[in-house]
Amino acid sequence: KIGRDEIGRDEIGRDEIGRDEIGRDEIGRDRVPRSSLERALGPAISAVASGGWRCIFGLVIATTLRSERRGRGFFAAILAVGIGGVTLAKEIPVTEKNLSNGMKLLMVERSGEPRISGGWVAHVGSSNEKPGMTGIAHLFEHMMFKGTPTLGTKDAVKDREIMEQQERLREEIRVEESKLRAALRRGDVTDITSPESKSPRHRELEAQFKKLIDAQREVLVKNEFDRVYTTAGASGMNAFTSEDMTAYYITVPANKLELWMWMESERLLRPVFREFYAERDVVFEERRMRTESTPIGKFAEQFNAMFWDAHPYHWPVIGWPSDIPAISKKQADEFYALYYQPQNLTLILVGDFKADGAVPMAERYFGRIPRGSQPPPEVTTLEIPSLGEKRYYAEAETNPQLEVMWRTVGFGHKDSYPLEVVQQLLLGRTGRLHKGLVLGSQVSTDVSAQQDSRKWAGAFDISAEVKDG
């Protein structure tokens, strides 16, 4: 989704259901008169709504371009585990074990190819964040590749000393940032990110901080975590963040299972969040590139914020632009201690191995991680009923697009299954949408439908690219 990054990952986490971490990719220009749009999608809307679904509460119409679908196999298994349990257990034999510290281990033995796909899910996503710290779950997707005391540095002692100096300096910089926000409220400045808005003391502190970053880079071993894996023949290392989970995965040769156990348990047991503030800036640039600099990404973000009123799904996975630069390492440490506890993690192994041997090995490595003392809190904010229809219109240099969304139900709800059936009836070239709108009335060039069942709530989505005229 973002291209190859510094650790060699091909992309940063688009999830199985086609929704990436900054929301849907695009919103197009609505050039079709309202009456034409309603005539075009009238049959489809009726098809979804005619059953009087108890789970449908509201309607939103907007312009958008659907995200591309991707992901299969092991990736789908991670998604299922992350949002609601082992739904694939009815189709494939899954061995489930619990380690002594509460960590869950799921295994599927599959011989035939001498390799193992291994991964783990932290049951935390953007919906677990709170205002002022949006984007922190996704930030951890980056930070978990920074290494340990033995991976990623030439001198762990000096590395730690530099990070301590950085934190003391950041405290002073935060004081200056607070003054900037106060000036913004008074109207003295219009853009707190502009260098011209910063005081001389602020600029001086940032210059000192840059020197510390340069000093730290002298002792870093870039991409060592990735290099250890690739040297051993591993491939496909990646990670993703969604609204409900964060997942990390890789494929290793069958005889490197113990290496995987050591590497993954080490970064959970002894993570070092080096280059924290530099990586935070990388995430901010990612947001700028994927959301703010694209023709329609910023409209998609606003559309999503309009659709959800109360629920934390309201904010983007990548975070609000004012929150990302304000996240401190102390906040990150607290977030990690709370949500990356063993009892909030699930390990997944699929491939050429024997469960009888993998379980004691997992206990030996992952069992070292101390059990957390405070259970992670659940998301308690519920979406409020929609009291009226909402419409969002935006103009961008794209083909005319239309999207209709209804609030539905979350993963595992009894109504999610008939909604999945409705999706299949409408979806694809044999579906009713394509036959009616592309082949029949020919008002559209492309159509799509999706039941998006997330952990806490869901949405049913119909979208179309509409012809001009």
Please confirm whether the backbone N or O of [Y] pairs with a side-chain atom of [X], one donor and one acceptor, at under 3.5 Å?
{"X": "R274", "Y": "M143", "result": "no"}
{"X": "Q341", "Y": "Q374", "result": "yes"}
{"X": "R287", "Y": "G319", "result": "yes"}
{"X": "S416", "Y": "F411", "result": "no"}
{"X": "R407", "Y": "I384", "result": "yes"}
{"X": "E109", "Y": "A355", "result": "yes"}
{"X": "R160", "Y": "V157", "result": "no"}
{"X": "T230", "Y": "R227", "result": "yes"}
{"X": "R288", "Y": "S293", "result": "no"}
{"X": "T346", "Y": "V121", "result": "no"}

Closest contact, heavy atoms only, [X] versus [Y]:
{"X": "M261", "Y": "L349", "answer": "CE-CD1, 4.0 Å"}
{"X": "P253", "Y": "A232", "answer": "CG-O, 3.4 Å"}
{"X": "A362", "Y": "L105", "answer": "CB-CD2, 3.9 Å"}
{"X": "P376", "Y": "N344", "answer": "CG-CG, 3.7 Å"}
{"X": "S117", "Y": "T251", "answer": "OG-OG1, 3.0 Å"}
{"X": "E129", "Y": "A137", "answer": "OE2-N, 2.9 Å"}

Take F140 and Y339 through the ring-ring contact (aromatic ring centres under 6.0 Å, His included) test and state the conclusion after the steps. CA-CA 11 Å; F140 266 99; Y339 289 105; 9.5 Å; no

Report, as yes or no, whether the 6.0 Å neighbourhood of atom [atom1] on [X] holds more than 12 heavy atoms from other residues, nucleotides or ligands.
{"X": "K97", "atom1": "NZ", "value": "no"}
{"X": "E164", "atom1": "CD", "value": "yes"}
{"X": "R170", "atom1": "CZ", "value": "yes"}

Can a side-chain donor-acceptor contact be found between [Y] and [X] if the only test is distance below 3.5 angstrom?
{"X": "Q401", "Y": "S463", "answer": "no"}
{"X": "D191", "Y": "T193", "answer": "yes"}
{"X": "Q343", "Y": "N101", "answer": "no"}
{"X": "N304", "Y": "Y392", "answer": "no"}

Could you check if a side-chain atom of [X] sits within less than 4.5 angstrom of a side-chain atom of [Y], using non-hydrogen atoms only?
{"X": "E286", "Y": "T291", "value": "no"}
{"X": "E167", "Y": "K329", "value": "yes"}
{"X": "E266", "Y": "M263", "value": "no"}
{"X": "E264", "Y": "R267", "value": "yes"}

For the [atom1] atom of [X] and the [atom2] atom of [Y], what is their distance to the nearest 0.5 Å?
{"X": "F460", "Y": "E420", "atom1": "CZ", "atom2": "CD", "answer": "8.5 Å"}
{"X": "K330", "Y": "R174", "atom1": "NZ", "atom2": "CZ", "answer": "9.0 Å"}
{"X": "L151", "Y": "K146", "atom1": "CG", "atom2": "NZ", "answer": "13.5 Å"}

Evaluate the ring planes of F303 and F307, with Trp represented by its six-membered ring, and classify them as parallel (under 30°), tilted (30 to 60°) or perpendicular (over 60°).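 Correct class here is tilted.
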
Plane angle bin for F273 and Y336 - parallel if under 30°, tilted between 30 and 60°, otherwise perpendicular: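 Perpendicular: the ring planes of Y336 and F273 meet at over 60°.
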
Is there a salt bridge (charged side-chain N to carboxylate O under 4.0 Å, His left out) between K455 and E243 once you walk through the steps? CA-CA 8 Å; K455 184 174 183 178; E243 293 86 354; over 6 Å; no

Assess the pair F366 and W260: is the distance between their ring centroids shorter than 6.0 Å?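 Yes: the rings meet the under 6.0 Å criterion.
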
Is the shortest distance from a Lys or Arg side-chain nitrogen in K158 or E161 to a carboxylate oxygen in the other one below 4.0 Å?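 So K158 does not pair with E161 through a salt bridge.
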
For E258, is there an ion pair with R364 - N to carboxylate O distance below 4.0 angstrom?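 Salt bridge: yes.
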
